Amino acid sequence: MDSIEIKDGIYWVGGIDWNVRDFHGYSTLKGTTYNAFLVMDEKVTLFDTVKKGFRDDLIRRISSVIDPKKIDYVVVNHVEMDHSSCLPEIMEICRPSKLFCSSRGKQALLQHYHRPDWPYEVVGTGTEVKLGRRSVQFLETRMLHWPDSMFSYLPGERLLISSDAFGQHWATSERFDDEVQQGELMEHAAKYYANILLLYSPLVQNLLKGVREMGLQIDMIAPDHGLIWRKDPGKILRAYDEWSIQRPVSKALVIYDTMWESTAAMARALADGLMKERVSVQVMDLRHTHRSDVMTQLLDACALVCGSSTLNNGMLPKMADVLHYIRGLKPQNKIGAAFGSFGWSGEGVRMVEQALQEMKVEIVAPAMKVQYVPDAQALSGCVNMGAKVGEFVRQRT
Ligand code: FEO
(Lines give C-alpha, C1' and ligand atoms only; values in the text may rest on other atoms or scores of the structure.)
Protein backbone atom coordinates (compact mmCIF):
# COMPACT_ATOMS: atom_id res chain seq x y z
CA MET A 1 0.00 0.00 0.00
CA ASP A 2 1.30 3.46 -0.91
CA SER A 3 0.40 6.67 0.89
CA ILE A 4 -3.27 7.53 1.39
CA GLU A 5 -4.43 11.11 0.78
CA ILE A 6 -6.58 11.99 3.80
CA LYS A 7 -7.19 15.62 2.80
CA ASP A 8 -6.11 17.65 -0.20
CA GLY A 9 -2.30 17.46 -0.17
CA ILE A 10 -2.13 15.67 3.19
CA TYR A 11 -1.12 12.01 3.25
CA TRP A 12 -1.06 9.11 5.70
CA VAL A 13 2.43 7.61 5.43
CA GLY A 14 2.52 5.39 8.52
CA GLY A 15 3.25 1.75 9.27
CA ILE A 16 0.89 -1.16 9.94
CA ASP A 17 2.10 -3.56 12.62
CA TRP A 18 0.04 -6.70 12.10
CA ASN A 19 2.07 -8.75 14.56
CA VAL A 20 2.57 -6.85 17.82
CA ARG A 21 0.70 -8.67 20.60
CA ASP A 22 1.94 -6.93 23.73
CA PHE A 23 2.21 -3.21 24.28
CA HIS A 24 3.87 -2.92 27.69
CA GLY A 25 1.29 -5.16 29.31
CA TYR A 26 -1.68 -4.34 27.03
CA SER A 27 -2.72 -7.23 24.78
CA THR A 28 -2.92 -6.00 21.21
CA LEU A 29 -4.54 -9.06 19.71
CA LYS A 30 -5.18 -7.31 16.41
CA GLY A 31 -1.90 -5.41 16.18
CA THR A 32 -1.67 -1.65 15.77
CA THR A 33 -0.61 1.10 13.39
CA TYR A 34 1.95 3.86 13.79
CA ASN A 35 0.45 6.75 11.89
CA ALA A 36 2.52 9.53 10.39
CA PHE A 37 1.28 12.34 8.16
CA LEU A 38 2.92 14.26 5.33
CA VAL A 39 1.72 17.76 4.49
CA MET A 40 2.65 19.04 1.04
CA ASP A 41 3.12 22.80 1.11
CA GLU A 42 5.92 25.32 0.58
CA LYS A 43 7.47 23.70 3.63
CA VAL A 44 6.96 19.98 3.22
CA THR A 45 6.25 18.73 6.74
CA LEU A 46 6.24 15.27 8.29
CA PHE A 47 4.13 14.88 11.42
CA ASP A 48 5.53 12.07 13.58
CA THR A 49 7.49 9.05 12.49
CA VAL A 50 7.10 5.33 13.21
CA LYS A 51 8.53 2.54 15.33
CA LYS A 52 11.95 1.20 14.49
CA GLY A 53 11.53 -1.59 11.98
CA PHE A 54 8.89 0.32 9.99
CA ARG A 55 11.29 2.82 8.46
CA ASP A 56 11.13 1.25 5.02
CA ASP A 57 7.31 1.46 4.99
CA LEU A 58 7.47 5.12 6.01
CA ILE A 59 10.10 6.00 3.41
CA ARG A 60 8.28 4.07 0.66
CA ARG A 61 5.01 5.85 1.41
CA ILE A 62 6.67 9.27 1.56
CA SER A 63 8.47 8.47 -1.70
CA SER A 64 5.15 7.75 -3.39
CA VAL A 65 4.44 11.49 -2.88
CA ILE A 66 7.83 13.22 -2.85
CA ASP A 67 11.53 12.56 -2.48
CA PRO A 68 12.05 12.26 1.34
CA LYS A 69 15.09 14.55 1.02
CA LYS A 70 12.66 17.37 0.16
CA ILE A 71 11.06 17.28 3.62
CA ASP A 72 11.67 20.67 5.25
CA TYR A 73 10.15 20.19 8.69
CA VAL A 74 9.61 17.29 11.04
CA VAL A 75 7.13 17.58 13.92
CA VAL A 76 7.49 15.28 16.92
CA ASN A 77 4.17 15.36 18.74
CA HIS A 78 5.26 12.61 21.14
CA VAL A 79 8.62 11.04 21.95
CA GLU A 80 7.54 7.54 23.03
CA MET A 81 9.49 5.09 20.90
CA ASP A 82 6.51 3.72 18.98
CA HIS A 83 6.53 7.14 17.27
CA SER A 84 10.15 8.17 17.42
CA SER A 85 12.48 5.18 17.38
CA CYS A 86 13.19 5.56 13.67
CA LEU A 87 13.57 9.36 14.02
CA PRO A 88 17.41 9.19 13.96
CA GLU A 89 17.27 7.37 10.60
CA ILE A 90 14.65 9.79 9.26
CA MET A 91 16.71 12.79 10.36
CA GLU A 92 19.69 11.29 8.56
CA ILE A 93 17.74 10.68 5.35
CA CYS A 94 15.61 13.83 5.26
CA ARG A 95 17.90 16.36 6.97
CA PRO A 96 15.02 18.78 7.74
CA SER A 97 15.82 22.40 8.50
CA LYS A 98 13.59 22.37 11.60
CA LEU A 99 12.41 19.79 14.10
CA PHE A 100 9.39 21.05 16.05
CA CYS A 101 8.62 19.69 19.51
CA SER A 102 7.50 20.85 22.94
CA SER A 103 10.08 21.91 25.56
CA ARG A 104 9.61 18.59 27.35
CA GLY A 105 9.82 16.93 23.93
CA LYS A 106 13.24 18.45 23.29
CA GLN A 107 14.45 17.31 26.69
CA ALA A 108 13.11 13.77 26.10
CA LEU A 109 14.56 13.59 22.57
CA LEU A 110 17.98 14.57 23.92
CA GLN A 111 17.68 11.90 26.60
CA HIS A 112 16.62 9.26 24.09
CA TYR A 113 18.86 9.96 21.11
CA HIS A 114 21.66 12.18 22.45
CA ARG A 115 21.71 14.42 19.39
CA PRO A 116 22.18 18.04 20.49
CA ASP A 117 22.99 18.88 16.86
CA TRP A 118 19.43 18.38 15.58
CA PRO A 119 17.64 21.63 14.53
CA TYR A 120 15.19 21.79 17.46
CA GLU A 121 12.50 24.46 17.39
CA VAL A 122 10.56 24.46 20.66
CA VAL A 123 6.85 25.25 20.38
CA GLY A 124 4.08 25.51 22.96
CA THR A 125 0.35 25.99 23.18
CA GLY A 126 -0.62 28.83 20.85
CA THR A 127 2.52 28.72 18.70
CA GLU A 128 1.57 29.00 15.03
CA VAL A 129 3.94 28.07 12.21
CA LYS A 130 3.35 28.93 8.56
CA LEU A 131 3.93 26.05 6.18
CA GLY A 132 2.97 28.04 3.08
CA ARG A 133 -0.70 28.40 2.28
CA ARG A 134 -1.37 26.29 5.38
CA SER A 135 -0.40 26.92 8.96
CA VAL A 136 -0.16 24.66 11.98
CA GLN A 137 -0.99 25.51 15.58
CA PHE A 138 0.35 23.51 18.51
CA LEU A 139 -1.42 22.54 21.69
CA GLU A 140 0.55 20.97 24.53
CA THR A 141 -1.24 18.00 26.06
CA ARG A 142 1.04 17.08 28.93
CA MET A 143 0.58 13.49 30.20
CA LEU A 144 -1.67 12.59 27.28
CA HIS A 145 0.26 10.43 27.05
CA TRP A 146 3.68 11.64 28.33
CA PRO A 147 4.89 15.03 29.59
CA ASP A 148 6.13 15.87 26.08
CA SER A 149 2.87 15.16 24.22
CA MET A 150 1.22 17.76 22.03
CA PHE A 151 -1.41 18.07 19.31
CA SER A 152 -0.92 19.71 15.92
CA TYR A 153 -3.95 21.52 14.50
CA LEU A 154 -4.28 22.71 10.91
CA PRO A 155 -7.06 25.31 11.07
CA GLY A 156 -7.51 25.67 7.31
CA GLU A 157 -8.16 21.95 7.03
CA ARG A 158 -9.92 21.66 10.39
CA LEU A 159 -7.58 18.74 10.97
CA LEU A 160 -6.41 17.70 14.44
CA ILE A 161 -3.34 15.46 14.49
CA SER A 162 -3.87 14.13 17.98
CA SER A 163 -0.87 11.90 18.75
CA ASP A 164 -1.91 9.08 21.13
CA ALA A 165 -5.28 10.59 22.05
CA PHE A 166 -8.36 9.18 20.28
CA GLY A 167 -6.36 6.20 18.96
CA GLN A 168 -6.96 2.48 18.87
CA HIS A 169 -4.54 -0.42 18.76
CA TRP A 170 -5.99 -2.09 15.69
CA ALA A 171 -4.09 -3.03 12.52
CA THR A 172 -6.38 -2.63 9.51
CA SER A 173 -6.12 -2.20 5.77
CA GLU A 174 -8.74 0.56 6.14
CA ARG A 175 -7.70 4.03 7.25
CA PHE A 176 -10.99 5.76 8.13
CA ASP A 177 -13.68 5.28 10.78
CA ASP A 178 -16.47 4.92 8.22
CA GLU A 179 -14.73 2.00 6.52
CA VAL A 180 -14.93 -0.38 9.49
CA GLN A 181 -17.59 -1.92 11.68
CA GLN A 182 -18.59 0.72 14.26
CA GLY A 183 -19.05 -1.65 17.21
CA GLU A 184 -15.56 -3.08 16.83
CA LEU A 185 -14.08 0.39 16.32
CA MET A 186 -15.55 1.66 19.58
CA GLU A 187 -14.50 -1.50 21.43
CA HIS A 188 -10.89 -0.89 20.39
CA ALA A 189 -11.17 2.82 21.28
CA ALA A 190 -12.60 1.96 24.72
CA LYS A 191 -9.90 -0.64 25.39
CA TYR A 192 -7.25 1.92 24.43
CA TYR A 193 -8.76 4.56 26.72
CA ALA A 194 -9.17 2.15 29.65
CA ASN A 195 -5.62 0.83 29.41
CA ILE A 196 -3.66 3.93 28.48
CA LEU A 197 -5.49 7.10 29.40
CA LEU A 198 -7.87 6.28 32.24
CA LEU A 199 -5.54 7.53 34.98
CA TYR A 200 -5.30 10.87 33.18
CA SER A 201 -9.08 11.32 33.03
CA PRO A 202 -9.07 14.67 34.90
CA LEU A 203 -6.60 15.96 32.28
CA VAL A 204 -8.85 14.64 29.49
CA GLN A 205 -11.73 16.62 30.99
CA ASN A 206 -9.54 19.76 31.07
CA LEU A 207 -8.41 19.14 27.51
CA LEU A 208 -11.95 18.75 26.18
CA LYS A 209 -12.97 21.91 28.04
CA GLY A 210 -9.98 23.73 26.53
CA VAL A 211 -10.83 22.55 23.03
CA ARG A 212 -14.41 23.78 23.49
CA GLU A 213 -13.23 27.16 24.85
CA MET A 214 -10.73 27.62 22.03
CA GLY A 215 -13.56 26.99 19.59
CA LEU A 216 -11.46 24.61 17.50
CA GLN A 217 -13.39 23.55 14.43
CA ILE A 218 -12.62 19.89 13.84
CA ASP A 219 -13.62 18.02 10.70
CA MET A 220 -11.09 15.24 11.09
CA ILE A 221 -9.09 13.73 13.94
CA ALA A 222 -5.97 11.86 12.89
CA PRO A 223 -4.49 9.92 15.82
CA ASP A 224 -1.12 8.19 15.75
CA HIS A 225 -2.72 4.75 16.18
CA GLY A 226 -5.60 3.13 14.33
CA LEU A 227 -8.39 4.66 12.28
CA ILE A 228 -8.76 8.33 11.35
CA TRP A 229 -12.05 9.91 12.48
CA ARG A 230 -13.50 11.66 9.41
CA LYS A 231 -17.19 10.74 9.35
CA ASP A 232 -18.02 11.77 12.88
CA PRO A 233 -15.06 13.06 14.93
CA GLY A 234 -17.62 14.20 17.50
CA LYS A 235 -18.31 10.55 18.26
CA ILE A 236 -14.88 9.93 19.78
CA LEU A 237 -14.88 13.34 21.51
CA ARG A 238 -18.21 12.46 23.15
CA ALA A 239 -16.92 9.02 24.10
CA TYR A 240 -13.82 10.55 25.75
CA ASP A 241 -16.06 12.95 27.64
CA GLU A 242 -18.16 10.05 28.92
CA TRP A 243 -15.22 7.76 29.74
CA SER A 244 -13.27 10.48 31.54
CA ILE A 245 -16.21 11.42 33.77
CA GLN A 246 -16.20 7.78 34.96
CA ARG A 247 -19.90 7.72 35.70
CA PRO A 248 -20.65 4.03 36.38
CA VAL A 249 -23.43 2.07 34.71
CA SER A 250 -25.48 -0.78 36.18
CA LYS A 251 -22.79 -3.38 35.67
CA ALA A 252 -20.65 -5.57 37.91
CA LEU A 253 -17.43 -7.36 37.19
CA VAL A 254 -16.76 -10.61 39.03
CA ILE A 255 -13.12 -11.57 38.48
CA TYR A 256 -11.47 -14.55 40.07
CA ASP A 257 -8.68 -17.09 40.03
CA THR A 258 -9.19 -20.50 41.54
CA MET A 259 -7.12 -23.57 42.48
CA TRP A 260 -9.71 -26.35 42.61
CA GLU A 261 -12.88 -24.61 41.36
CA SER A 262 -14.25 -23.65 44.79
CA THR A 263 -13.62 -19.92 44.24
CA ALA A 264 -15.04 -20.38 40.72
CA ALA A 265 -18.27 -21.84 42.19
CA MET A 266 -18.47 -18.88 44.58
CA ALA A 267 -18.02 -16.48 41.65
CA ARG A 268 -20.93 -18.04 39.77
CA ALA A 269 -23.16 -17.88 42.86
CA LEU A 270 -22.23 -14.21 43.38
CA ALA A 271 -23.10 -13.52 39.75
CA ASP A 272 -26.50 -15.17 40.30
CA GLY A 273 -27.16 -12.78 43.18
CA LEU A 274 -26.17 -9.77 41.06
CA MET A 275 -28.40 -10.95 38.23
CA LYS A 276 -31.30 -11.32 40.67
CA GLU A 277 -30.97 -7.58 41.17
CA ARG A 278 -31.03 -7.16 37.38
CA VAL A 279 -27.47 -5.88 37.26
CA SER A 280 -25.49 -6.65 34.11
CA VAL A 281 -22.66 -9.01 35.09
CA GLN A 282 -19.37 -10.02 33.51
CA VAL A 283 -17.68 -13.04 35.10
CA MET A 284 -14.01 -13.27 34.18
CA ASP A 285 -11.78 -16.21 35.02
CA LEU A 286 -8.27 -14.78 35.15
CA ARG A 287 -6.78 -18.05 33.94
CA HIS A 288 -8.34 -17.25 30.57
CA THR A 289 -8.67 -13.45 30.59
CA HIS A 290 -5.97 -10.88 29.95
CA ARG A 291 -5.56 -8.02 32.41
CA SER A 292 -6.20 -5.45 29.69
CA ASP A 293 -9.57 -7.04 28.86
CA VAL A 294 -10.51 -6.86 32.55
CA MET A 295 -9.60 -3.17 32.45
CA THR A 296 -11.79 -2.58 29.41
CA GLN A 297 -14.80 -4.11 31.14
CA LEU A 298 -14.07 -2.15 34.28
CA LEU A 299 -14.16 1.17 32.42
CA ASP A 300 -17.90 1.71 32.93
CA ALA A 301 -18.65 -0.93 35.60
CA CYS A 302 -19.97 0.13 39.00
CA ALA A 303 -18.81 -2.92 41.00
CA LEU A 304 -15.57 -4.85 41.09
CA VAL A 305 -15.95 -8.12 42.98
CA CYS A 306 -12.70 -10.08 43.27
CA GLY A 307 -12.10 -13.65 44.33
CA SER A 308 -8.95 -15.62 45.00
CA SER A 309 -8.02 -18.85 46.68
CA THR A 310 -5.18 -18.61 49.19
CA LEU A 311 -1.81 -19.82 47.96
CA ASN A 312 1.33 -19.71 50.10
CA ASN A 313 -0.29 -17.29 52.57
CA GLY A 314 -1.33 -14.88 49.83
CA MET A 315 -3.60 -14.37 46.85
CA LEU A 316 -3.08 -16.23 43.58
CA PRO A 317 -0.48 -14.60 41.28
CA LYS A 318 -2.90 -13.74 38.46
CA MET A 319 -5.14 -11.84 40.87
CA ALA A 320 -2.11 -9.98 42.25
CA ASP A 321 -1.10 -9.07 38.70
CA VAL A 322 -4.54 -7.75 37.75
CA LEU A 323 -5.03 -5.79 40.97
CA HIS A 324 -1.58 -4.22 40.57
CA TYR A 325 -2.44 -3.27 36.98
CA ILE A 326 -5.87 -1.85 37.84
CA ARG A 327 -4.41 0.14 40.72
CA GLY A 328 -1.98 1.91 38.39
CA LEU A 329 -4.82 3.06 36.14
CA LYS A 330 -6.71 4.63 39.08
CA PRO A 331 -10.35 3.84 38.27
CA GLN A 332 -12.78 6.04 40.21
CA ASN A 333 -16.30 5.64 41.62
CA LYS A 334 -16.21 1.87 42.12
CA ILE A 335 -17.75 -0.27 44.81
CA GLY A 336 -16.59 -3.80 45.49
CA ALA A 337 -16.10 -6.87 47.67
CA ALA A 338 -13.74 -9.81 48.08
CA PHE A 339 -14.28 -13.54 48.31
CA GLY A 340 -12.48 -16.86 47.98
CA SER A 341 -11.86 -20.31 49.33
CA PHE A 342 -8.92 -21.41 51.45
CA GLY A 343 -7.45 -24.52 53.03
CA TRP A 344 -5.97 -23.56 56.40
CA SER A 345 -4.51 -20.06 56.66
CA GLY A 346 -6.86 -18.02 54.41
CA GLU A 347 -4.95 -14.73 54.01
CA GLY A 348 -5.75 -14.41 50.29
CA VAL A 349 -9.22 -12.88 50.68
CA ARG A 350 -8.07 -10.33 53.23
CA MET A 351 -5.23 -9.29 50.93
CA VAL A 352 -7.64 -8.89 48.01
CA GLU A 353 -9.94 -6.75 50.12
CA GLN A 354 -7.01 -4.66 51.32
CA ALA A 355 -5.86 -4.13 47.73
CA LEU A 356 -9.36 -2.95 46.78
CA GLN A 357 -9.41 -0.53 49.71
CA GLU A 358 -6.00 0.81 48.76
CA MET A 359 -7.31 1.65 45.29
CA LYS A 360 -10.25 3.45 46.94
CA VAL A 361 -12.89 0.91 45.95
CA GLU A 362 -15.69 1.25 48.49
CA ILE A 363 -16.25 -2.13 50.17
CA VAL A 364 -20.02 -2.68 50.38
CA ALA A 365 -20.18 -6.26 51.68
CA PRO A 366 -18.07 -8.18 54.20
CA ALA A 367 -15.53 -10.50 52.60
CA MET A 368 -16.76 -14.06 52.06
CA LYS A 369 -14.36 -16.91 52.93
CA VAL A 370 -15.11 -20.61 52.56
CA GLN A 371 -12.86 -23.38 53.83
CA TYR A 372 -12.08 -25.90 51.10
CA VAL A 373 -15.30 -26.57 49.11
CA PRO A 374 -18.48 -24.48 49.46
CA ASP A 375 -21.63 -26.41 50.41
CA ALA A 376 -25.18 -25.35 49.48
CA GLN A 377 -25.39 -23.01 52.47
CA ALA A 378 -22.13 -21.30 51.59
CA LEU A 379 -23.21 -20.88 47.97
CA SER A 380 -26.51 -19.44 49.14
CA GLY A 381 -24.46 -16.96 51.19
CA CYS A 382 -22.59 -16.00 48.03
CA VAL A 383 -25.89 -15.43 46.19
CA ASN A 384 -27.00 -13.15 49.03
CA MET A 385 -23.69 -11.31 48.94
CA GLY A 386 -24.09 -10.80 45.18
CA ALA A 387 -27.61 -9.48 45.72
CA LYS A 388 -26.35 -7.06 48.38
CA VAL A 389 -23.68 -5.71 46.03
CA GLY A 390 -26.38 -5.53 43.34
CA GLU A 391 -28.57 -3.36 45.58
CA PHE A 392 -25.68 -0.91 45.97
CA VAL A 393 -25.12 -0.92 42.21
CA ARG A 394 -28.78 -0.03 41.64
CA GLN A 395 -28.56 2.78 44.19
CA ARG A 396 -25.42 4.23 42.56
CA THR A 397 -26.50 4.07 38.94
FE1 FEO B 1 1.76 5.63 21.04
FE2 FEO B 1 2.56 7.06 24.11
O3 FEO B 1 2.87 6.24 22.43
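Just so we're clear, the structure is a prediction, and the values are computed from it rather than from any experiment. Start at 1 and go down the list; that is how both ligands and their atoms are numbered.
- For a distance threshold of 2.8 Å, the protein N, O or S atoms nearer than that to atom 2 (Fe) of ligand 1, listed by chain and number, are His78 NE2, Glu80 OE1, His145 ND1, Asp164 OD2.
- Atom CD of Glu140 and atom OG1 of Thr127 lie 8.0 Å apart (nearest 0.5 Å).
- For Glu128 (side chain) and Gly126 (main-chain N/O), no donor-acceptor pair under 3.5 Å exists by modelled atom type.
- With a 4.5 Å cut-off on side-chain heavy atoms, Tyr73 and Val129 count as touching.
- Salt-bridge check for Glu184 with Lys30: passed, with a basic side-chain N closer than 4.0 Å to an acidic carboxylate O.
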List the steps and the verdict of side chain to side chain contact (heavy atoms under 4.5 Å, CB included) for Tyr192 and Trp170.
-> CA-CA 10 Å; Tyr192 185 98; Trp170 188 14; over 6 Å; no
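- A donor-acceptor contact closer than 3.5 angstrom is absent between the side chains of Asn195 and His169.
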